[in-house]
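Since the structure comes first, as structure tokens, the remarks are kept for the end.
Position 1 is the first residue of the sequence; numbering continues from there.
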Amino acid sequence: MLDVTAAHEIAAEARVRANVVRLAAAQALTGANSAVIFATGAIVGATLAPDMSFATVPISMYVVGLAAGTLPTGAISRRFGRRVAFVIGTGLGTLTGLLGSFAILHGSFALFCIATFLGGLYGSVAQSYRFAAADGASAAYRPKAVSWVMAGGVFAGVLGPQLVQWTMDVWQPYLFAFSFLVQAAVALIAMGIVAGVDMPKPAPADLHGGRPLVTIVTQPRFIAAALCGVISYPMMNLVMTSAPLAMQMCGLSVSDSNFGIQWHIVAMYGPSFFTGALIARFGAPKVVAVGLLLEAGAAGIGLSGLTAMHFWATLIVLGVGWNFSFIGASALVLETHRPQERNKVQAFNDFLVFGMMALGSFSSGQLLASYGWSAVNLVVFPPVVLGLVVLSLVSWARRRRARLDAAMGEFPDAV
């Protein structure tokens, strides 16, 4: 009997690790989709939009797609399994590239915004890769599984901007039109990879089991995790979205902005090779706190100068800060739910994160156009302070409760 149990555990561990490899590869290819949009969206928007203040609307539509796709992704995963949701997502990624290329060739700002919205839907599905990697993993391996999948984004940081650099001038004078066509092909490759992910359909008992969502999301631990995610990702997105256009406004070249976005994405995902180990050693709250402080530090660098080096340093530090804070917040979310509750809780968490990103993203272009790059960076500080305060309070309360529980165990008649 023990041998059978051990064999099942070994098989389950092998399945989890194989899924992590596939999901990391899919993360790399999906990240190339977002890299193309973030590297080109504001520049194409400035070319096609009726007014300069609308230049970042295509990227805002991407973020709206991220928010809009989170709950449907959770529902599809819960009903049909994660693999079905992943294949649908890559299909949307293919449409993103085809429609984006068509929109640039025909000079349609509206169609380009629809294309980036579809790209956001694709991205919302990809956001669940990190949680899917933890399905069936041991408690000790979960942070590492999340971290390794996110590490796939390192290759996205190389592939996406280089894809833009190699293809942006192919169909002159239609800048970036061929880049989006190639991105559609990359999404098709990702479809082949996610189709092989070994994740069976949920058991019927998992469709309706678990606690009510309101009970789970009102836990202080979940509130702290969601708030830190809501702060870390939107603040990173605000600065990253504005940076390419700000660099152009400062007289820097498209190659300079591509280089900055490339190393920003590498910085976003590169630390993932060891972030899981840091979380396992020091705990998620401490890693999140360091990440939020780095995001504030990036904003400080952005305020200190307008050279290419200042922009690149801002984007690199911002990427590392996002990695620590967002992966740490994701690990905190995993501690707040039971296995049968995972899809609805994870989808709700991502809905909060990307819903807030969508609200903030529409203001980024107006903020940059009206008040400049300095204002974009100044906005980062108040939310970061709020996140650090809430995280500290919840962690302190948790430690205090643990000490009280230990005291009660040692002196059961004390109260």
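- Atom CZ of Phe54 sits in a sparse spot, with 12 or fewer heavy atoms from other residues, nucleotides or ligands closer than 6.0 Å.
- In this structure, CG on Leu66 lies 8.5 Å from OG on Ser34, to the nearest 0.5 angstrom.
- Annotation: the span from Gln27 atom CD to Ser272 atom OG amounts to 8.5 Å, rounded to 0.5 Å.
- In this structure, Thr215 contributes its side chain and Arg211 its backbone to no donor-acceptor pair below 3.5 Å.
- When all heavy atoms of Thr336 and Gln219 are compared, the closest pair comes out as O-NE2, 3.0 Å.
- Counted by atom type alone, Asp256 and Ser253 present one or more donor-acceptor pairs between their side chains at under 3.5 Å.
- Judged by distance alone, the side chains of Asn33 and Thr96 never bring a donor and an acceptor atom under 3.5 Å apart.
- For Phe112 and Phe180, the ring centers are positioned less than 6.0 Å apart.
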Practice problem: For the pair Val44 and Leu175, evaluate side chain to side chain contact (heavy atoms under 4.5 Å, CB included) and give the outcome as yes or no after the intermediate values. | Solution: CA-CA 8 Å; Val44 174; Leu175 194 66; over 6 Å; no
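- The closest donor-acceptor contact from the side chain of Ser242 to the backbone of Val239 lies at 3.5 Å or more, if one exists at all.
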Exercise. List the steps, then state whether side chain to side chain contact (heavy atoms under 4.5 Å, CB included) holds for Thr116 with Ile59.
Key: CA-CA 7 Å; Thr116 58; Ile59 297 180; over 6 Å; no
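- Other residues, nucleotides and ligands contribute only 12 or fewer heavy atoms inside 6.0 Å of the CZ atom of Phe351.
- Closest approach of Ala243 and Leu315 over heavy atoms only: CB-CD2, 3.9 Å.
- Looking at residues two or more places apart in sequence or on another chain, you find no side chain to side chain donor-acceptor pair (under 3.5 Å) involving Thr94.
- Side-chain contact between Gln172 and Phe178: absent, with no pair of heavy atoms (C-beta onward) separated by less than 4.5 Å.
- Note: Tyr129 and Phe86 meet the aromatic proximity criterion, with ring centroids under 6.0 Å apart.
- For the atom pair CD1 of Ile265 and CE of Met240, the computed distance is 7.0 Å after rounding to the nearest 0.5 Å.
- By the salt bridge (Lys or Arg N to Asp or Glu O under 4.0 Å) test, Arg22 is found to be paired with no residue, residues two or more places apart in sequence or in another chain being considered.
- Taking Trp322 as the reference, Tyr233, Tyr269, Phe326 meet the ring pair (Phe, Tyr, Trp, His ring centres under 6.0 Å) condition, with sequence neighbours excluded.
- Proximity of Leu245 to Ile43: side-chain heavy atoms (C-beta onward) are nowhere separated by under 4.5 Å.
- Contact check for Ser179 versus Thr40: no side-chain heavy atoms found under the 4.5 Å cut-off.
- Rounded to the nearest 0.5 angstrom, Ile37 CD1 and Met61 CE are separated by 11.5 Å.
- Closest approach of Ala187 to Gly93, counting heavy atoms only: CB-C, 3.6 Å.
- If you take OG1 on Thr314 and CE on Met309, they are separated by 10.5 Å, rounding to the nearest 0.5 Å.
- Contact check for Pro271 versus Phe324: side-chain heavy atoms found under the 4.5 Å cut-off.
- Counting heavy atoms from C-beta on, the side chains of Ile279 and Ile327 come closer than 4.5 Å.
- When the side chain to side chain donor-acceptor pair (under 3.5 Å) test is applied to Ser257, no partner is found at least two apart in sequence or on another chain.
- Atom CZ of Phe102 is surrounded by 12 or fewer heavy atoms from other residues, nucleotides or ligands within 6.0 Å.
- Counting heavy atoms from C-beta on, the side chains of Arg83 and Val194 never come closer than 4.5 Å.
- Donor-acceptor pairing under 3.5 Å is lacking for the side chains of Thr90 and Tyr122.
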Can I get a per-line list of side-chain donor-acceptor pairs under 3.5 Å for residues 290-303, giving both atom names and the distance, sequence neighbours left out?
{"from": "Glu295", "atom 1": "OE2", "to": "Ser325", "atom 2": "OG", "distance (Å)": "3.4"}

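- The closest side-chain donor-acceptor pair between Ser128 and Asp350, if any, does not fall under 3.5 angstrom.
- Residues Leu378 and Trp373 have side chains not in contact (no heavy-atom distance under 4.5 Å, counting atoms from C-beta outward).
- To the nearest 0.5 Å, the span separating CZ on Phe109 from CG on Asp51 amounts to 9.5 Å.
- Taking a 6.0 Å sphere around CH2 of Trp148, one finds it holds 12 or fewer heavy atoms contributed by other residues, nucleotides or ligands.
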Exercise. Would you sort out whether Trp171 and Ser101 count as a side chain to side chain contact (heavy atoms under 4.5 Å, CB included), showing the intermediate values?
Key: CA-CA 10 Å; Trp171 282 350; Ser101 181; 3.6 Å; yes
Exercise. For Phe117 and Tyr62, run side chain to side chain contact (heavy atoms under 4.5 Å, CB included): C-alpha distance rounded to whole Å, both residues' side-chain angles, the deciding distance at 0.1 Å, then the answer.
Key: CA-CA 4 Å; Phe117 174 79; Tyr62 173 86; over 6 Å; no
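- Of all heavy-atom pairs between Ala329 and Gly229, the closest is CB-N, 3.9 Å.
- Leu238 approaches Val379 most closely through the heavy-atom pair CD2-CG1, 3.8 Å.
- Closest heavy-atom contact between Phe222 and Leu352: CE2-CD1, 4.4 Å.
- Taking 4.5 Å as the limit, some side-chain heavy atom of Leu332 sits within range of a side-chain heavy atom of Arg221.
- Evaluation of the ring pair (Phe, Tyr, Trp, His ring centres under 6.0 Å) rule for Phe274 yields no partner, not counting sequence neighbours.
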